[in-house]
J.: 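Take a look at the following structure, please.
In what follows, chains carry the letters A, B, and so on, assigned in the order in which the sequence lines appear, proteins first and then strands, with residues in each chain numbered from 1.
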Amino acid sequence: MKIIEKTLILQGEINKFTVPNLLNRWEKYTSQKLEYIDLEKVISIDSAGVAFLDVIQLKNQDSFRKLLNIPINISQTIKTFSSLEITVEAIKRERSGFIENIGNSFFKYKEAIVDISYLTTEVIFWSFVGIFNRKGQRKDSVIQQSILIGMEAIGIIGSLSLIFGLIMALQSAALLRQFGTEVFLADMIAVLMVREMGPILTAILVAGRSGSAIASEIATMKVTEEIDALKIMAIDPIRYVVVPKFNAITLCMPLLVTLSMIIGISGGLLISIFYLDLSIVTFVTRVLEVLTFSNILIALLKGVVFAWAIVIIGTYFGFKVEGGAEGVGKATTASVVASIFAVIVLDAIFSLEYLGG
Amino acid sequence: MKVPIISVKKIVAKYGENTVLKDVTVDIFPNEITVILGGSGCGKTTFIKNILQLYKPFSGSIKIFGEETVGLFPEEFNKILEKIGMLFQNGALLNSVNIFDNVSIPLEQHTVLPAEIIEKIIKVKLNLVNLGHVINLFPSELSGGMKKRAALARAIALDPEILFCDEPSAGLDPITSENLDNLILKLKEQLNMTIIIVTHELASIHRIANRIIFLDEGEVLFQGTLAEAKNCGIQEVEHFFEVGKFGD
Ligand SMILES: Nc1ncnc2c1ncn2[C@@H]1O[C@H](COP(=O)(O)OP(=O)(O)OP(=O)(O)O)[C@@H](O)[C@H]1O
Ligand SMILES: [Mg+2]
């Protein structure tokens, strides 16, 4: 490549491999204004080569006249791949500002709360209707969903509750022993497991297992146009897909919470027998004494409310999915984070009830 | 006698127990447009995936640019892949980035071209598939046919020496489809590309095909030039060229 009298003379192959070097070398001559590019000795050109010619012409826009001696075999190629005559939009690299984002998310939350309330009424309505009229639901789906949500979670919820019971008992046992009040371990574990740990531990695990599964299932169905297919067949997707899960979780959650409470308390029992040398009878009597019927009822109610929040939030994020497969992942993650957050906030609201007593 | 650019010998492809390609032997010649024909499910996509090692054949030999590729280390095969473009049957655009970035991926991965050149190339390629106006949109915001065309722009971003297109015109209207054929002819003539296309559109085959490979139930029923195909004496093949349909 050389420049003679305002003419850039190119030779050989002008392609994606030679262009970076050519452009580098050309930068040295940028002070000179070009009028022509001579292509007589060019053997071949590809689209990167044509783009190179375009760039040089644009940089000499004021002085440039034309391409000279274009070999026949490359003239069509230049015509096809030249960008000089096409007008396309400018490329946007969108990144909205911080303040803008805050504003946007405020509106998003407002919208989300409206959507979620609407969704909740719809789900509860259809699940109530479903008791009398089973049309429009997947066959046997409640049983199948109950097995998925309930049976398969028993192992993990059981073992985690046991571990939690053991940890809490061990942590407190040493302390209680100092004051000679070992016997209160039973009261403590029972109250903690029933009022707090049972429902919340179960809810967090259910959010992780079933909430995410609900969100990803619905999001996938949406992305692959299955939801649209249901709509075309005049089937309400909420009734068909969500209501069975809602019913199943309403059925399973109290059982899972009960399981968690019993196993967690058993963890405490183990510690008090083997570490604090209490007798089983003392422990069980104290537990039964301290727990009231309303304690247990509220715990189960809590469990059901948490479960509803998990289903509704999973469904909400599932239906909100945007884009393709990668949207499914985002929806799933968002639903798990949001439902665990919601569970803890709801739990805080429930705790207000204990302020009085 | 021409030297084949891709030479496939006796490949067998299986999905589990299901044998999809039985002993396929074909040659693909440089600077020609080869059309692969065959009924739905006969193994056309599998055949292409075998050549590109997206799905490894059970047995057989595949030579590309004269080099045996079966058993090649991935790093070595990647060097061959840099000279090959592929338009997937479902487009397979990356959903998380916009159209511009989709087309820029191969350019940024395999060249050291400066950004201003890359930008020009992308604009031209998108313009060639009539998508200059959607440069900033995301794949999920495009129609099926638009996705296909954007995916074609990505496949030709690097001016590959060999281009595979799995049903490029499925879902396109006749005019867009004809434009696409013209583009494919230009790519062949002006950039000396070798192009392998799966298509069932009879009109399109007449416009562009140099050579035909006709697959049936995993076997090569016919291979040869377009002219030969029309009078080859094989009932299924002639039948297809008469009515443009497979079977009865
Ligand atoms: N990932 C896979 N796993 C198992 N079997 C598969 C897979 N992909 C394809 N097959 C089977 O291989 C056979 C050939 O499929 P292939 O996709 O190659 O057909 P095709 O000729 O491209 O069809 P079409 O024209 O419908 O695209 C089919 O019977 C299909 O069931
Ligand atoms: Mg296919």
J.: Give the interface residues of residues 60-80 of chain A toward chain B, defined by a heavy-atom separation under 4.5 Å.
T.: A/Gln76, A/Thr77, A/Thr80
J.: Could you work out, with ring pair (Phe, Tyr, Trp, His ring centres under 6.0 Å) as the rule, every residue matching B/Phe65, not counting sequence neighbours?
T.: none
J.: Counting only heavy atoms not in B/Lys44, do more than 12 fall under 6.0 Å of its NZ?
T.: yes
J.: Considering all heavy atoms of both residues, which atom of A/Ile86 and which atom of B/Lys123 are nearest to each other, and what is their separation?
T.: CD1-O, 3.6 Å
J.: Ignoring hydrogens, what is the shortest heavy-atom contact between A/Pro20 and B/Val112? Give both atom names and the distance.
T.: CG-CG2, 3.5 Å
J.: Under 4.5 Å heavy-atom distance to chain B, tell me which part of A/Ser82 shows up: side chain, backbone, both or neither.
T.: backbone
J.: Between A/Leu58 and B/Glu116, is the side-chain contact (heavy atoms from CB on, under 4.5 Å) condition met? List the steps.
T.: CA-CA 11 Å; A/Leu58 286 176; B/Glu116 57 184 342; over 6 Å; no
J.: Within a reach of under 6.0 Å around CD of A/Glu5, are more than 12 heavy atoms found that belong to other residues, nucleotides or ligands?
T.: no
J.: For chain A, which residues from residues 143-164 of chain B have at least one heavy atom closer than 4.5 Å to it?
T.: B/Ala157, B/Leu158, B/Asp159
J.: Is there any residue in residues 177-190 of chain B with a non-hydrogen atom under 4.5 Å from a non-hydrogen atom of chain A, and which ones are they?
T.: B/Lys186, B/Leu187, B/Gln190
J.: Who among B/Thr111, B/Leu191, B/Asn192 has the most heavy-atom pairs with chain A under 4.5 Å?
T.: B/Leu191
J.: Under 4.5 Å heavy-atom distance to chain A, tell me which part of B/Leu113 shows up: side chain, backbone, both or neither.
T.: both
J.: With a 6.0 Å cut-off (strictly less than), is the heavy-atom count around CZ of A/Phe17, excluding the residue itself, greater than 12?
T.: no
J.: Heavy-atom count check: over 12 atoms from other residues, nucleotides or ligands less than 6.0 Å from A/Glu322 CD?
T.: no
J.: Do you know which two heavy atoms are closest between A/Ala48 and B/Ile117, and how far apart they sit?
T.: O-CG2, 4.0 Å
J.: Counting heavy atoms not belonging to A/Lys33, are there more than 12 under 6.0 Å from its NZ?
T.: yes
J.: Can you find a heavy atom in the side chain of B/Val124 that is under 4.5 Å from one in the side chain of A/Val50?
T.: no
J.: Side chains of B/Ile121 and A/Lys16: closer than 4.5 Å at any heavy-atom pair?
T.: no
J.: Side chains of A/Phe81 and B/Leu128: closer than 4.5 Å at any heavy-atom pair?
T.: yes
